[in-house]
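Structure first, commentary second.
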Amino acid sequence: MAAASMRGSCLVLLCLVSPVVLLAGAARGHPWGGGLFPQFYDRSCPRAKEIVRSVVAQAVARETRMAASLVRLHFHDCFVQGCDASLLLDNSSSIVIDEIKVALETACPGTVSCADILALAARDSTVLVGGPYWDVPLGRRDSLGASIQGSNNDIPAPNNTLPTIVTKFRRQGLDVADVVALSGAHTIGLSRCTSFRQRLYNQSGNGMADATLDASYAAHLRQGCPRSGGDDNLFPLDFVSPARFDNFYFKNLLVGKGLLSSDEVLLTRSPETAALVKAYADDVSLFFQHFAQSMVKMGNISPLTGAQGEIRKNCRRFNGNHY
């Protein structure tokens with residue numbers, strides 16, 4: 001069974017400010033959980049982190065957009081049925097993960113899980129483009145199945161209302177602060193025209209553009225995102241600094257220049273989320289700190305540990321016949 005396609009992907013990242021180093025401990029009061037801890041491979045595969053970092057660095061050097069893709073892969077994997085690499089069973093663009101896996105299998109056969117590779121690659125990608133560093137709890141094992149239905153139902157969509165987004169996060173044990181902090185991943189990466197076209201032409205079903213969208217920005221977007229056609233035309237989620245992990249995503253929201261409806265609602269539909277948007281726009285260090293903490297918290301969603309699951313030899317395939 002394959003996981004759903006990544007075509008509708010939405011949460012992505014990038015940055016170039018001094019990293020915030022978060023050493024161990026807690027995600028806003030939440031300790032490491034699920035049996036995960038950063039030193040898991042220190043004896044069984046001492047070079048694991050170095051190998052992941054090296055391959056990710058080469059990939060991001062070849063294509064800066066890869067940083068956003070790798071962060072998004074980890075996010076979507078965790079939201080479907082926990083952080084278990086079920087997403088990689090899809091034939092999506094996870095070639096970099098394949099490269100990392102080959103290198104790790106050479107160094108330490110059957111030792112490092114694909115799920116942990118995703119978690120490390122997301123952190124390393126963020127740091128490489130200027131974002132915060134955090135210690136990644138490790139020890140996840142890989143799934144023996146995948147869920148297309150889970151992928152379709154659980155991952156927040158660009159046109160979801162804020163209550164729907166919050167509900168999807170809460171189902172994963174994440175709170176409103178996590179919603180806003182992790183949405184900040186949209187400071188890097190791209191989105192397809194089809195993900196925001198409604199905002200340009202028919203936001204409320206009356207044939208009118210979204211009134212919360214800056215008029216000049218909307219006019220610019222319409223040049224490359226017509227009423228019909230051009231579905232796959234790509235636009236930066238942060239038009240100011242699309243290749244840097246910074247807080248311009250939040251600054252853009254304050255002036256009506258957030259790309260997706262799911263971005264804009266953080267400012268306009270809730271005083272609680274709006275306050276966080278303003279705080280992160282004002283203080284990049286605060287955003288970095290909360291983002292790193294939320295990534296640790298997200299990476300702790302329902303991991304398989306101990307004798308659960310398996311350590312895949314190839315991230316795209318089960319080791320044997322599992323149903």
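Not a single donor-acceptor pair under 3.5 Å links the side chain of Glu310 to the backbone N or O of Arg141. No donor-acceptor distance shorter than 3.5 angstrom exists from the side chain of Arg197 to the backbone of Cys225, with no hydrogens or angles considered. A donor-acceptor pair under 3.5 Å is absent between the side-chain atoms of Asn252 and the main chain of Gly256, judged by distance alone. In terms of modelled atom types and a separation under 3.5 Å, the side chain of Ser204 and the main chain of Asn206 share no donor-acceptor contact. Lys101 contributes a side-chain N or O that, together with a main-chain N or O of Arg312, makes up a donor-acceptor pair within less than 3.5 Å. Side-chain atoms of Lys49 come within 3.5 Å of backbone atoms of Pro38 as a donor-acceptor pair (strictly under, hydrogens ignored). No side-chain donor-acceptor contact under 3.5 Å links Arg53 to the backbone of Asp124. Between the side chain of Arg140 and the backbone N or O of Ala85, no donor-acceptor pair lies under 3.5 Å. Side chain of Asp282 to backbone of Ala279: no donor-acceptor contact under 3.5 angstrom is found. Judged by distance alone, the side chain of Thr126 and the main-chain N or O of Pro132 form no donor-acceptor pair under 3.5 Å.
When Val55, Leu73, Val56, Leu87 are each tested for a side chain to side chain contact (heavy atoms under 4.5 Å, CB included) with Ile97, only one passes: Leu73.
Inter-residue side-chain proximity for Leu104 and Arg47 is flagged as unmet; no heavy-atom pair is nearer than 4.5 Å. Looking only at side-chain heavy atoms (C-beta outward), Arg199 and Glu264 come within less than 4.5 Å of each other. Counting only heavy atoms from C-beta outward, the side chains of Val265 and Thr161 never approach each other to under 4.5 Å. Leu266 is listed as a side-chain neighbour of Val179, based on a closest heavy-atom distance under 4.5 Å. Ser294 has its side chain out of reach of Leu174: every pair of non-hydrogen atoms, C-beta onward, lies at least 4.5 Å apart. Within the 4.5 Å cutoff, the side chain of Ser86 has heavy atoms near those of the Asp77 side chain. Phe291 has its side chain within reach of Trp134: a pair of non-hydrogen atoms, C-beta onward, lies under 4.5 Å apart. Side-chain contact between Pro156 and Phe75 is present, with at least one heavy-atom pair separated by less than 4.5 Å.
In this structure, a donor-acceptor pair under 3.5 Å is absent between the side chains of Asn160 and Ser262. Side chain to side chain, Thr194 and Asp231 fail the donor-acceptor criterion of an N or O pair below 3.5 Å. Using modelled atom types and a 3.5 Å distance limit, the side chains of Asp210 and Thr212 yield a donor-acceptor pair.
Taken from CG in Leu200 to CZ in Arg222, the straight-line distance is 6.0 Å, to the nearest 0.5 Å. Atom CG of Leu118 sits about 7.0 Å away from atom SG of Cys315, to the nearest 0.5 Å. Atoms CZ and CG, from Phe250 and Asp263 in turn, are 9.0 Å apart once rounded to the nearest 0.5 Å. If you take CG on Asp98 and CG on Asn314, they are separated by 6.0 Å, rounding to the nearest 0.5 Å. Annotation: the span from Leu286 atom CG to Asn247 atom CG amounts to 10.0 Å, rounded to 0.5 Å. To the nearest 0.5 Å, atoms CG (Leu162) and OG1 (Thr268) are separated by 8.0 Å.
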request  = Take Met295 and Val71, measure what side-chain contact (heavy atoms from CB on, under 4.5 Å) needs, and give me the verdict at the end.
outcome  = CA-CA 10 Å; Met295 286 294 285; Val71 175; 4.2 Å; yes
request  = Starting from the C-alpha separation in whole Å, work towards a yes-or-no answer on salt bridge (charged side-chain N to carboxylate O under 4.0 Å, His left out) for Asp246 and Lys251.
outcome  = CA-CA 10 Å; Asp246 53 25; Lys251 293 181 179 182; over 6 Å; no
ask   = For Phe287 and Tyr249, what are the C-alpha separation, side-chain angles and deciding distance, and is it a ring pair (Phe, Tyr, Trp, His ring centres under 6.0 Å)?
value = CA-CA 11 Å; Phe287 165 49; Tyr249 165 78; 8.0 Å; no
request  = Check the pair Leu120 / Arg123 against side-chain contact (heavy atoms from CB on, under 4.5 Å), numbers first and verdict last.
outcome  = CA-CA 5 Å; Leu120 286 168; Arg123 189 273 309 278; 3.6 Å; yes
query = Could you walk me through whether Asp116 and Tyr41 pass the side chain to side chain donor-acceptor pair (under 3.5 Å) check?
reply = CA-CA 10 Å; Asp116 279 345; Tyr41 296 110; 2.5 Å; yes
request  = Run the numbers on Val166 and Glu272 for side-chain contact (heavy atoms from CB on, under 4.5 Å), then give the verdict.
outcome  = CA-CA 12 Å; Val166 169; Glu272 184 179 7; over 6 Å; no
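Cluster membership for Ile117 and Leu304, using ILVMFWY side-chain heavy atoms within less than 4.5 angstrom, is not shared. With hydrophobic clusters built from ILVMFWY side chains whose heavy atoms lie under 4.5 angstrom apart, Val52 does not share a cluster with Ile311. By the criterion of side-chain heavy atoms lying less than 4.5 angstrom apart, applied directly or through intervening Ile, Leu, Val, Met, Phe, Trp or Tyr residues, Tyr201 is grouped together with Leu259 in one hydrophobic cluster. Cluster membership for Val102 and Val112, using ILVMFWY side-chain heavy atoms within less than 4.5 angstrom, is not shared.
Between Leu89 and Gly145, the closest heavy-atom pair is CD1-O, 3.9 Å. Heavy-atom minimum distance, Pro158 versus Ser261: O-CB, 3.5 Å. Closest heavy-atom contact between Ala243 and Thr64: CB-CG2, 4.0 Å. Scanning both residues, Asp142 and Ser113, for their nearest heavy atoms gives OD1-CB, 3.5 Å. Between Thr111 and Ser44, the closest heavy-atom pair is CG2-OG, 3.5 Å. Closest approach of His74 and Cys83 over heavy atoms only: CE1-SG, 4.3 Å.
Judged as a salt bridge (Lys or Arg N to Asp or Glu O under 4.0 Å), and not counting sequence neighbours, the contacts of Arg171 are Asp154. Here Phe235 pairs with Phe196 under the ring pair (Phe, Tyr, Trp, His ring centres under 6.0 Å) rule; sequence neighbours left out. For the side chain to side chain donor-acceptor pair (under 3.5 Å) test, residues two or more places apart in sequence or in another chain that qualify with Gln81 are Asp84.
Surrounding NZ of Lys313 are at most 12 heavy atoms belonging to other residues, nucleotides or ligands under 6.0 Å away.
Between Phe79 and Phe169, the ring-plane angle classifies as perpendicular under the 30° and 60° cut-offs.
The distance between the ring centers of Phe37 and Phe40 falls below 6.0 angstrom.
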